[in-house]
Every structure is written in C-alpha cells, then in structure tokens.
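All remarks here apply to the structure that follows.
Please read all numbers here as calculations on a predicted model, not as lab measurements.
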Amino acid sequence: MNYFLTYTVYVLILSVLMGISTWKLFKKMGYSPLLAFIPFYNYFIILKETKHPKWWAILSYLPIVGPIMMSVFHLYLMKKFGKTLFKDQVLTVILPFIYMATVNYSNAELEDENANDLFLTDEEKNAKKKDTFLGSITFAVVFATIIHVFVTQPFGIPTGSMERTLLVGDFLFVNKWSYGYRMPMRPLAIPFLQGTIMDTGQKGNPKDDPKSYVDGVKLPYTRILQFNKPQKNDVVVFNYPQDSVHTAIDRKDPYVKRCVATAGDTFEVRGGRLFVNGKPETVLGDQEVQHSYTVIASSQLDIPALYKIYGFLPVREEEHNGGYVYGFQGLTDKIAKEIKQLPQVVSMNENINTKGESAIAYKDELRTKIDTTQSIFPVNKPWNQDWYGPLRIPKKGDVVAINAETLPMYQWIISEYEHNSLEKKNGKIFINGKETNQYTIQQDYYMMVGDNRDASLDARFFGFVPEENIVGKPMFTWLSLQGAFKDGSSTYQAPFKIRWDRMFKATNTGEANKTSYWWIAAMILILFFGWEYFVKLFRKKNTEDEL
C-alpha cells in the first residue's frame, strides 16, 4: 500500500478512537460532538480551550513526534475536566482512549483552572510551577526529536573501518536530505533510540533485547524530494542490509562507509588494490590507503611512543621465540616505511590473501553451517578480501539470470530487499509461486567499502546495499574523542584525549586540509543559550527608559 494512503488510514483510525472517547467532553466545552472526530482540528480545539499555542496541532500525527504530542494534548484535556492526580496522568498516557472514554461517559464537569489562583497554597503554586517546568522539558525533547527525525541525526564511529578519513571516536551529524528524505517506517517509537532500548538479555546479543519501536505499526518505504543519488567516493551512512534482528529498514544498525561503486559499475579487488570498471580507484585528498602488516621484532616495540607520533594504530602483540610478532591492522605506505626502519624490526610483510582461496566462515566446528555475516559474498565464489570480483552492481531495470550459480548473489535482493517469496524445489526456482529463470531488479544497489580495507566489515561480506537502506551523507564532525571506544582487536588501547583539531570540520569535501567552523558553532551556542538573557536585558532597558 502507498505510504501516504497507509498513513491516512492510521490517522483516521486514531481520529475515530479520539472521537468515540471524547465527544461528550467537546459538547461540554461548547462545541459540536462531531468535531471530536476531525483529525488535527480536534486537537486545535483542545489547545484553544487550554490556552496553548494552537499551531501545535500540526504535530499531532507526525511519525514518532505525534504520539508524544498526542499524550500531552490528552493530558491538557483531562486537566480541563479536573483530572490532575498522578494516577490520572499515568492512565491518560498509558491507556489514553480507554481512560478518556471513562471520563467522557461519566459526569465529569469543566473546571476553570484560573478561577482559584488567588487562593492557591504554596504547595499548589509549587506544583503548578513544576507542571510548567515539565512542559518546557517536554517541548525541548519534542523539538530535539523533530530535528533528529526530520533533519539531521548524530552518529558515532565505534570502529576503525574508515581510518584515517573518519577516526574511532568521531561523532558526526548526518544530513538526511542528501539523497532525498526517507520517510519514517516505524512511526511509533521511543525518540533518539535506534533499534533496542538496552542490553537486557544475553550480553552483546540484541536478539533478546526489547525493541525501541512497535513493529506492528508500520509504513512502507518511500523517499521524497530525491534530487541526488550516492556518487562514487561519497562517504555514506546506511542501514546494515543483513541485520537479522530488525525487520524495519530504518531500525537496522547504522553503518558508514565509502561508496566505491554505484549501480551498473563493475567492482574488483586485485591483490588488495581496488578497481572500478577496470580502472584503479580515485584516492581523494582526505583518504589514506592502508593495509595490514605483520612485523617481527627482536625486542618489544614502544607502541605508546608510536601513538604519540602517528596516532592510534590498532595492533596485536604476541611473544614468539624470544622476540615479538605484531599484527598492525592498517598502516599507510608512509607509516609502514618508517616502522620498517626501526632498529628492533627484523622483517615486515604486507598481509595479502592467496588468490582463488575462498574466505568462508562457519558457525560450528564440523563446518556444516556457514556464517554469512563473516563470509565473503557470495559464498559460492572463490573470492576473499584481497582478490574479489569482478562483480557487476545491480541496477534498476536489469534483467538477471536466476540459476543455481547466480542464486547466492541475488537471493537477498529477491526475498529480503524487494520482498518477494523465493523457493527452490526439485532443482527449480520459484518467485512468488511461479517457476522462473530470470528476475528484473526493482531498485538501484551500491558497493560500500571502508577506507581501512583490511579492518572493514563491508560490502565484500554483506553484499549489495539497496537504495532503500541509504540514510544520508555525513556533514561534519562535531566532537572527536580518542579512546571513547575500546578496540577489542588491539592489545594496546588509545589514550583518552579530545581531538580539538577535528571538531566542526566537514567530512565529505574530499580535501586533505579541511576548514574548521568551530567559531560558527560557538556563535550558535551563545545565541541559543544567551537569547533569553539578551531579551530580558533589552526589556529591562526599555522599561528603565520609559520611567
């Protein structure tokens, strides 16, 4: 069903529930009972009668924001009829239409909230102030939620897959309109949470954690005002395609990688070097090509001293035959050359997998169950991280052959990304119940790969990224904390420090030396927090002038 048609159905259902549970209350306020059934206008009347800004009514049914605002408006209405106790407020929020219906069909009468202000006790005045304060907090949360849902969203970088373009501990703001705005697909959700509320079950296993959204209330995928699509070399934020925990696309784990190939391109890796359409990749100014190395040293290297020179270098250290073996996760050619010249270093070799050797991981010791999340995609090809492809990226409208050889490459596209039923029976393939040997691709796909190639779980493992999973493009780094996240793959950890030189710098310019806009951020913060002070100061000055 169309997104906006589905949305309209939800609005009408809620409006009917609102009308059934409040029509008598509207009548007692002097309005036609039928107005309680009219979307948006019913809340407009409540705001008018309770002396709140009437334009808030437009927030009533917005995805994610709407449920919060509706609860607030219901509380206003119940307060209008004298239901101000804590239990009344809890019931109004948890069981809104049921509790309001009990008030609606009882003998509840209107109360003049301001009639007895002169006779309020100090305790009642404090309670009123508390309500005002909580209202301010609520609308601060609502405003932040609107920005978070409809404009830009903050993300943190917990792993080194994009080193040294994006560092572990960088915190980014992502522009959700870069490739057209993707409408929310789970409108009933807790603000600011991505997929789960907290780790309550088996540690590190999100499958048994409570979800932060209601999966039963869903809207189909749609994108509006799409004037651009991801281009080669864009750094892109997207939802992990093969997330087995969350069926909602917009609730899958967010990843950030570089778009190295777009729909219709041919992607290939030869000896750890990336090629697109047969040509070597274009390396931008803010990229540093890195590779993993094994270093054998006669004595222990001073890794903390190397950190001071080069920054954090994830490394595994082991003692071996009286010396030390180091596995560096990702070194640039320049850093590798300088480490090789250290007096303790006996040998240094770049780690490159053997051509034709499949990189398949298994879930069990008997090697009967393939772990697709840790295996190279597709699992039936003799490919690995360093020797991959050539692989053509599917494009909308492509007609692809479907057989036993190609099925591992396209099965996720057919069944998961494009939502068809897929069966294999007696050596034959059935899509939506019909036997077939071909399939027409319904959307564009992309190849997303980390700049730190040897330490990146990327499209070489999870395959094509569908257009519907694209979130947007990172705009700038607003905070950068070295040591904010522990690196489980490294023997040594990065010492904590604030990387001031990275803050408020654009992330997607491709330039090596980016301009910092911290002074603009400082001005915005001063205006934001000092606005009320300056307004009061101006009013005070005007009053003094009048006197």
Side-chain angles (χ1 to χ4, degrees), residues 1-84 88-114 131 135 138-139 141-143 145-146 149-150 181 183-189 191 213-214 216-220 222 224:
M1 190 183 291
N2 177 274
Y3 185 95
F4 295 102
L5 180 59
T6 308
Y7 171 86
T8 302
V9 170
Y10 280 131
V11 169
L12 290 176
I13 291 171
L14 290 171
S15 298
V16 169
L17 291 172
M18 181 67 180
I20 292 171
S21 58
T22 63
W23 66 272
K24 278 192 172 185
L25 303 181
F26 274 70
K27 186 176 181 180
K28 289 177 181 179
M29 289 190 294
Y31 293 92
S32 168
L34 292 177
L35 296 180
F37 292 86
I38 299 178
F40 296 101
Y41 193 66
N42 46 16
Y43 289 116
F44 176 89
I45 291 172
I46 292 172
L47 292 166
K48 179 182 176 182
E49 289 298 311
T50 56
K51 296 179 174 59
H52 290 93
K54 294 182 282 295
W55 68 265
W56 288 353
I58 64 176
L59 305 176
S60 306
Y61 298 98
L62 290 180
I64 302 175
V65 177
I68 302 173
M69 298 309 300
M70 289 171 69
S71 295
V72 172
F73 301 156
H74 297 160
L75 289 170
Y76 288 162
L77 181 61
M78 291 297 96
K79 188 177 180 182
K80 186 77 175 173
F81 286 86
K83 304 301 178 182
T84 58
D88 297 319
Q89 295 174 339
V90 171
L91 289 170
T92 302
V93 172
I94 296 176
L95 303 169
F97 301 115
I98 294 174
Y99 181 68
M100 287 193 299
T102 63
V103 176
N104 184 61
Y105 295 103
S106 69
N107 295 319
E109 296 295 334
L110 277 170
E111 288 194 4
D112 189 343
E113 297 174 26
N114 300 315
D131 285 344
T138 300
F139 282 98
V141 171
V142 168
F143 177 75
T145 303
I146 291 171
V149 173
F150 297 102
Y181 177 70
M183 301 294 288
M185 283 169 267
R186 293 299 182 273
L188 196 56
Y213 58 95
V214 177
V217 181
K218 60 183 72 174
L219 294 165
T222 195
I224 61 173

OG1 (Thr222) and CG (Asn2) are apart, to the nearest 0.5 Å, by 7.0 Å
Do Phe81 and Met29 have side chains that get closer than 4.5 Å, going by heavy atoms? yes
Check: Tyr31 side chain, Leu25 main-chain N or O, donor-acceptor pair, under 3.5 Å: no
Roughly how far, to the nearest 0.5 Å, is the NZ atom of Lys48 from the OH atom of Tyr41? 6.0 Å
Does any part of the side chain of Leu219, heavy atoms only, come nearer than 4.5 Å to the side chain of Met183, both counted from C-beta? no
Evaluate the side-chain contact (heavy atoms from CB on, under 4.5 Å) criterion for residues Met18 and Ile46: first the C-alpha distance (whole Å), next the side-chain angles of each, then the deciding distance (0.1 Å), finally the verdict. CA-CA 12 Å; Met18 181 67 180; Ile46 292 172; 3.6 Å; yes
Tyr99 vs Asp88, test: side-chain contact (heavy atoms from CB on, under 4.5 Å). Steps then yes/no. CA-CA 8 Å; Tyr99 181 68; Asp88 297 319; 2.5 Å; yes
Is the shortest heavy-atom distance from the side chain of Thr50 to the side chain of Phe73 under 4.5 Å? no
About how many Å separate CG of Leu47 and CG of Leu77, when rounded to the nearest 0.5 Å? 10.5 Å
To the nearest 0.5 Å, what is the distance between CG on Leu17 and CG on Leu12? 11.0 Å
Pairing residues for Tyr61 by the side-chain contact (heavy atoms from CB on, under 4.5 Å) criterion, not counting sequence neighbours: Tyr7, Val11, Leu14, Ser15, Pro39, Phe40, Asn42, Tyr43, Met70
Over 60° means perpendicular and under 30° means parallel, so classify the ring planes of Tyr76 and Trp56, tilted if in between. parallel
Nearest heavy-atom pair of Glu49 and Lys80: which atoms, and what distance? O-NZ, 3.1 Å
Which residue pairs satisfy the side chain to side chain donor-acceptor pair (under 3.5 Å) criterion with at least one member in residues 17-30, sequence neighbours excluded? Trp23-Tyr105
Within-4.5 Å side-chain heavy-atom neighbours: Phe143 and Ile146: no
Taking the side chain as every heavy atom from C-beta outward, state whether Thr92 and Met78 have any pair of such atoms under 4.5 Å apart. yes
Answer yes or no: is there a side-chain heavy-atom contact under 4.5 Å between Ile38 and Leu35? yes
What I'd like to find out is whether the side chain of Phe4 reaches to under 4.5 Å of the side chain of Pro220, using heavy atoms alone. no
Side chains of Leu62 and Met69: closer than 4.5 Å at any heavy-atom pair? no
Rounded to the nearest 0.5 Å, how far apart are CG of Leu75 and CE of Met100? 9.5 Å
Run the side-chain contact (heavy atoms from CB on, under 4.5 Å) test on Arg186 and Val214 for me, step by step, so that the C-alpha distance in whole Å, both residues' side-chain angles and the decisive distance to 0.1 Å come before the verdict. CA-CA 7 Å; Arg186 293 299 182 273; Val214 177; over 6 Å; no
